[in-house]
Amino acid sequence: MVVTGRFALLATMAGALVMFAVPSFGGVLGASSLLLVVLLIDVALVARPNALTVTREPLTVVRLGRETEVELAVTNTGTTAVRGLLWDAWPESARAEYRTRRLALAPNTRIRFRTRLNPVYRGDRVAGPVTLRLLGPLGMAGRQTRVDAPARVRALPAFRSERLLRSKVKRLHHLEGRNVANTRGQGTEFDSFREYVAGDDVRSIDWRATARATDVLVRTWRPERNRHMLMVLDTGRVSAGRVGDGTRLDCAIEAALLLGGLAGAAGDTVDLLAYDRTVRAEVTGAGGAGLPMKLMHTLAGVTPQLVDTDTDGLVRTVLARVRRRALIVWFTSLDGPTVTEHLLPALPTLTRRHRVLIVSVTDPDIAAAARDRETADAVYTSAAAETVLAERAVVRESLRRRGVAVVTAAPDQLPEALADEYLELKRSGSL
């Protein structure tokens, strides 16, 4: 029999080592030599790493708080069987399960593994290289290598308030007259024609329509419903404060998603700007049913920055991006010093051109502390909490006197409170 390739080399080495081990067979040297021969044989029969192809899904999307699975495919393109172990590397914050798997692949076969992920933070998590430990037929020796298989998982915001969207959209349709008769009159959107009556503005006569009819026809209008809205998220130092189970920024994102979905259903054009000292994320000219998902992808990786927000720079950026009159929804904090030193001086520039709505989340722990007076220590804490609440009430009143609407609520109530305020603005025609 003719032996070629690595098996010929293996036979030569094994024969030499056995001959070396024979004189002292049964001794320590002989046993060691035989063990070495076995190990060399096992190593020589290990499949080559370049015979394996490893691929993963390049992008997997999941909402925060939910689980997902990433599929990893391993293909043996070689002519020998593959045995060993596989380790799928993911960051700890991805909470990966079932990462270690056993490999047993015949030639020209493929196997698929699924790694379960449950991310604990928003944003992208990039997978590390796949580690392969290939073993010989005896399982006593082998070789280890790493294979790059680019993949990432994107954790979108949870958007728990999505359950409210359908009911708010129904209310919106009712307000817009889709379930009741439209109110016709002065406005900016064309509605229909009707016959001219004494007292009508002659400028509303449509001469082309009149030429095709037997009577003089005038155009009727309805109030404009589809407007422009810009949501501004303050991503500076104040947005990192913990409120409830998340940060202020998390609460703002949750409320912005519900408002964006409602505005998209209303036909409004929605822009978004996340800003502290520079633009962190931006959406322009979005609308329609796919708006919430677009906002979620844009805001997935936005995190608080430990810097003071440049309020003047933020206002300049807003004015540069929004030329015509719009609703500016500004998510920020209403802490006394922040408002007095930064927010109030900047607001007049915005309110001259746009309608401004300030949105701020309140800390339920402060409200609870203000009500707790069971012990002497609790009374002092309650007094401090009452002082904070009184300061914020003064700030809200000061903003309202400047023509700025304010929405404040606890984290679980803020999205609905903001949506109700938007619907009220729509109902009253204040937009």
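Arg392 contributes no side-chain N or O that, together with a main-chain N or O of Val395, makes up a donor-acceptor pair within less than 3.5 Å. Side chain of His354 to backbone of Ile328: no donor-acceptor contact under 3.5 angstrom is found. Of the possible donor and acceptor atoms, none in the side chain of Thr109 sits under 3.5 Å from a partner among the backbone N and O of Leu105. Side chain of Arg110 to main chain of Asn76: no donor-acceptor pair is present (N/O by atom type, distance under 3.5 Å, no hydrogens or angles). A donor-acceptor pair is defined here as one N or O able to donate and one able to accept, closer than 3.5 Å; such a pair exists between the side chain of Thr362 and the backbone of Ala409. Proximity of a side-chain donor or acceptor of Thr309 to a complementary backbone N or O of Thr311 within less than 3.5 Å is not detected. A donor-acceptor contact shorter than 3.5 Å links the side chain of Gln305 to the backbone of Thr303. Under the 3.5 Å distance criterion, the side-chain polar atoms of Arg402 are matched with a main-chain donor or acceptor of Ser398. Panel note: side chain Thr317, backbone Gly313; a donor-acceptor pair is recorded below 3.5 Å.
Proximity of Tyr275 to Asp234: side-chain heavy atoms (C-beta onward) are nowhere separated by under 4.5 Å. Val329 is listed as a side-chain neighbour of Val359, based on a closest heavy-atom distance under 4.5 Å. Inter-residue side-chain proximity for Arg353 and Arg325 is flagged as unmet; no heavy-atom pair is nearer than 4.5 Å. For the pair Leu85/Arg102, a side-chain contact is recorded, criterion being any heavy-atom separation below 4.5 Å from C-beta on. For the pair Arg95/Pro119, no side-chain contact is recorded, criterion being any heavy-atom separation below 4.5 Å from C-beta on. Annotation: side chain of Glu67 is not in contact with side chain of Leu117 (no heavy-atom distance under 4.5 Å). For the pair Val232 and Thr332, the minimum side-chain heavy-atom distance is 4.5 Å or more. Between Val54 and Leu72 the shortest side-chain heavy-atom distance falls below 4.5 Å.
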Handout entry: Full working for side-chain contact (heavy atoms from CB on, under 4.5 Å) between Val283 and Val270
Key = CA-CA 8 Å; Val283 173; Val270 179; over 6 Å; no
Practice task
Go through the steps for Arg154 and Val62 under the test side-chain contact (heavy atoms from CB on, under 4.5 Å), then give the verdict.
Solution key: CA-CA 6 Å; Arg154 175 171 297 168; Val62 62; over 6 Å; no
Handout entry: Chi angles and distances behind the side-chain hydrogen bond (donor to acceptor under 3.5 Å, both in side chains) call for Thr235, Asp276
Key = CA-CA 5 Å; Thr235 56; Asp276 41 78; 2.6 Å; yes
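Here the OG-CZ distance, from Ser239 to Arg248, works out to 9.5 Å after rounding to the nearest 0.5 Å. Rounded to the nearest 0.5 Å, atoms CG (Leu134) and CG (Leu52) are 5.5 Å apart. Between atom CG of residue Leu299 and atom CG of residue Leu156 there is a gap of 10.0 Å, rounded to the nearest 0.5 Å. Rounding to the nearest 0.5 Å places CD1 of Ile253 at 14.0 Å from CG of Leu258. Of the inter-residue distances, the one linking Leu272 atom CG with Met229 atom CE reads 9.0 Å to the nearest 0.5 angstrom.
For the 3.5 Å distance criterion, the side chains of Ser167 and Arg171 fail to qualify, holding no donor opposite an acceptor. Side-chain contact annotation: Thr284 with Asp271, donor-acceptor N/O pair under 3.5 Å absent. Between the side chains of Thr375 and Asp377, not a single donor N or O lies within less than 3.5 Å of an accepting N or O. With no hydrogens or angles considered, no side-chain donor-acceptor pair links Asp268 and His228 at under 3.5 Å. Between the side chains of Ser93 and Arg125, at least one donor N or O sits under 3.5 Å from an acceptor N or O. Counted by atom type alone, Asp372 and Ser382 present zero donor-acceptor pairs between their side chains at under 3.5 Å.
Arg112 pairs with exactly one of Glu69, Glu71, Glu57 by the salt bridge (charged side-chain N to carboxylate O under 4.0 Å, His left out) rule, that one being Glu71. Of the residues listed (Arg277, Arg237, His342), the one engaging Asp308 in a side-chain hydrogen bond (donor to acceptor under 3.5 Å, both in side chains) is Arg237, and it is the only one.
A salt bridge links Asp250 to Arg122: one of the charged nitrogens lies within less than 4.0 Å of a carboxylate oxygen. Between Arg101 and Asp88 there is no salt bridge, since no side-chain N of the basic residue sits under 4.0 Å from a carboxylate O of the acidic one. One finds a salt bridge joining Glu162 and Arg63 here, because a Lys/Arg side-chain nitrogen approaches an Asp/Glu carboxylate oxygen to under 4.0 Å.
Residue Arg321 places its CZ atom among more than 12 non-hydrogen atoms of other residues, nucleotides or ligands, all under 6.0 Å distant. Within 6.0 Å of CZ in Arg99 there are more than 12 heavy atoms belonging to other residues, nucleotides or ligands. Heavy-atom neighbours of Arg400 CZ from other residues, nucleotides or ligands within 6.0 Å: above the threshold of 12. The environment of Arg280 atom CZ is dense: over 12 non-hydrogen atoms of other residues, nucleotides or ligands sit within 6.0 angstrom.
Nearest heavy-atom pair, Pro129 versus Ala89, reported as atom, atom and distance to 0.1 Å: O-CB, 3.4 Å. Closest approach of Val361 to Ala410, counting heavy atoms only: CG2-C, 4.1 Å. Thr381 and Ala369 make their closest contact through CG2-CB, 4.0 Å (heavy atoms, listed as atom of the first residue, atom of the second, distance).
The cationic atom of Arg56 (NZ for Lys, CZ for Arg) lies less than 6.0 Å from the six-membered ring centre of Trp90 and within 45° of the ring axis.
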